[in-house]
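Structure first, then comments.
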Protein chains: 2
Amino acid sequence: MKTDLENNVDLVAALLKSMSHPVRLRILCQLRDGEKTAGELQSVIKTTNANITQHLNIMRNQGCISSRKEANYIYSSISNQKILTLINTLQTLFCEKEK
Amino acid sequence: MKTDLENNVDLVAALLKSMSHPVRLRILCQLRDGEKTAGELQSVIKTTNANITQHLNIMRNQGCISSRKEANYIYSSISNQKILTLINTLQTLFCEKEK
DNA sequence: AGTCTATTTTAGAATTTAATTAATTACTTA
DNA sequence: TAAGTAATTAATTAAATTCTAAAATAGACT
């Protein structure tokens, strides 16, 4: 059974908002392949590591991203299948290209 | 053929951003059933009509929403199937409820 | 302990966003 | 043409977001 999206707009809007920043969407794209450290993300996404951490925090607080610590590396990953499905849907819908 | 989402993050992030406000997501939900006037939207979404118009403008500028004028009513509607599919995906993913 | 590396946290300024109110436009109808 | 309705635009203010730079934390290594 489903509840209407209308009953959950606040939650869903907050979730979308946490994903709708170029740096954050870039991070999510990177994490599709599996967990990465802030340093690995920074090597691909050109901004400061402080900035990467801040954006990771926003998504962590929203529940998009999980972290685990190992030595002095912190590995971040997409926290659940739903987020991954959403990202894949975005790609299918908006990145289709004619050959 | 697909291009990677990574090549389109700026565009997709901007699109998501235009949808990730509670009032705007509420408007999109309402428009799933078909076009509505600002007045009709206002009767369901409790805010001023100026505010409704402003949010409609944001989505219109982003290409989510189209408008047509008839007499002194302006009917707004979801501009394309992709947006509708995305909204339905959000509902399926995040509004599923156990019976 | 001291140093190095990886990361996070904090504080600040600059920018953007959002809501409110008032004024304006466009159309209809008496 | 004047009044009424629907919607938009503009201006203001308040609030939230973002980036930068500096300081702080945590673990690894010597």
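Protein chains get the first letters and strands the later ones, always in sequence-line order, with residue 1 at the start of each.
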Whole-Å gap separating [atom2] ([N]) and [atom1] ([X]):
X: A/M59; N: D/dT18; atom1: CE; atom2: P; answer: 11 Å
X: A/N61; N: D/dT18; atom1: CG; atom2: P; answer: 13 Å
X: B/Y75; N: D/dA7; atom1: OH; atom2: C1'; answer: 13 Å
X: A/Q42; N: D/dC19; atom1: CD; atom2: P; answer: 14 Å
X: B/I65; N: D/dA7; atom1: CD1; atom2: P; answer: 14 Å
X: A/I58; N: C/dT8; atom1: CD1; atom2: P; answer: 13 Å
X: B/Q62; N: C/dT17; atom1: CD; atom2: C1'; answer: 15 Å

Which atoms of nucleotides 8-10 of chain D (N or O only) lie under 3.5 Å from a protein N or O atom, and what are those distances?
unit_1, atom_1, unit_2, atom_2, d
D/dT8, OP2, B/T53, OG1, 2.5
D/dT9, OP2, B/N57, ND2, 3.3
D/dA10, N6, B/Q54, NE2, 3.2

Can you tell me if the side-chain N/O atoms of [X] get under 4.0 Å from OP1 or OP2 in [N]?
X: A/T37; N: C/dT7; answer: yes
X: A/T48; N: D/dA21; answer: no
X: A/H55; N: D/dC19; answer: yes

Atom pair [atom1] ([X]) and [atom2] ([Y]), whose distance is rounded to the nearest 0.5 Å:
X: B/Y75; Y: B/K36; atom1: OH; atom2: NZ; answer: 11.5 Å
X: B/L25; Y: A/D10; atom1: CG; atom2: CG; answer: 9.0 Å
X: B/S76; Y: B/L56; atom1: OG; atom2: CG; answer: 4.5 Å

Are [X] and [Y] close enough that a side-chain donor and a side-chain acceptor fall under 3.5 Å?
X: B/R60; Y: B/S67; value: yes
X: B/Q54; Y: B/R24; value: no
X: A/Q30; Y: B/E6; value: yes

Inset, instruction - Residues of residues 15-36 of chain A with any non-hydrogen atom less than 4.0 angstrom from an atom of DNA chain D: list those, numerically ordered, please. - result: A/K17, A/H21, A/R24

Legend entry - Base C/dT5 paired with A/N72 side chain (donor-acceptor, <3.5 Å): yes

Legend entry - The single option from A/N51, A/T37, A/T53, A/I52 passing side-chain contact (heavy atoms from CB on, under 4.5 Å) against A/Q42: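 Filter result, single survivor: A/I52.
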
Inset, instruction - Quantify the bending of the helix from C/dA1-D/dT30 to C/dA30-D/dT1 as the angle between its end axes, each fitted on five pairs, to 10°. - result: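 Taking the rotation axis at each end, their angle is 10°.
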
Legend entry - A/K82 side chain vs B/L93 backbone, donor-acceptor pair below 3.5 Å: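 Confirmed, A/K82 side chain pairs with B/L93 backbone.
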
Inset, instruction - Examine distances only and state if a side-chain atom of A/Q62 and a backbone atom of A/S18 form a donor-acceptor pair shorter than 3.5 Å. - result: no

Inset, instruction - Walk me through it: do B/L5 and A/N88 pass the test side chain to side chain contact (heavy atoms under 4.5 Å, CB included)? - result: CA-CA 8 Å; B/L5 182 51; A/N88 290 334; over 6 Å; no

Inset, instruction - Start with the C-alpha gap between B/L15 and B/C64, add the side-chain angles, then the distance that decides, and say whether side chain to side chain contact (heavy atoms under 4.5 Å, CB included) holds. - result: CA-CA 8 Å; B/L15 173 70; B/C64 302; 3.5 Å; yes

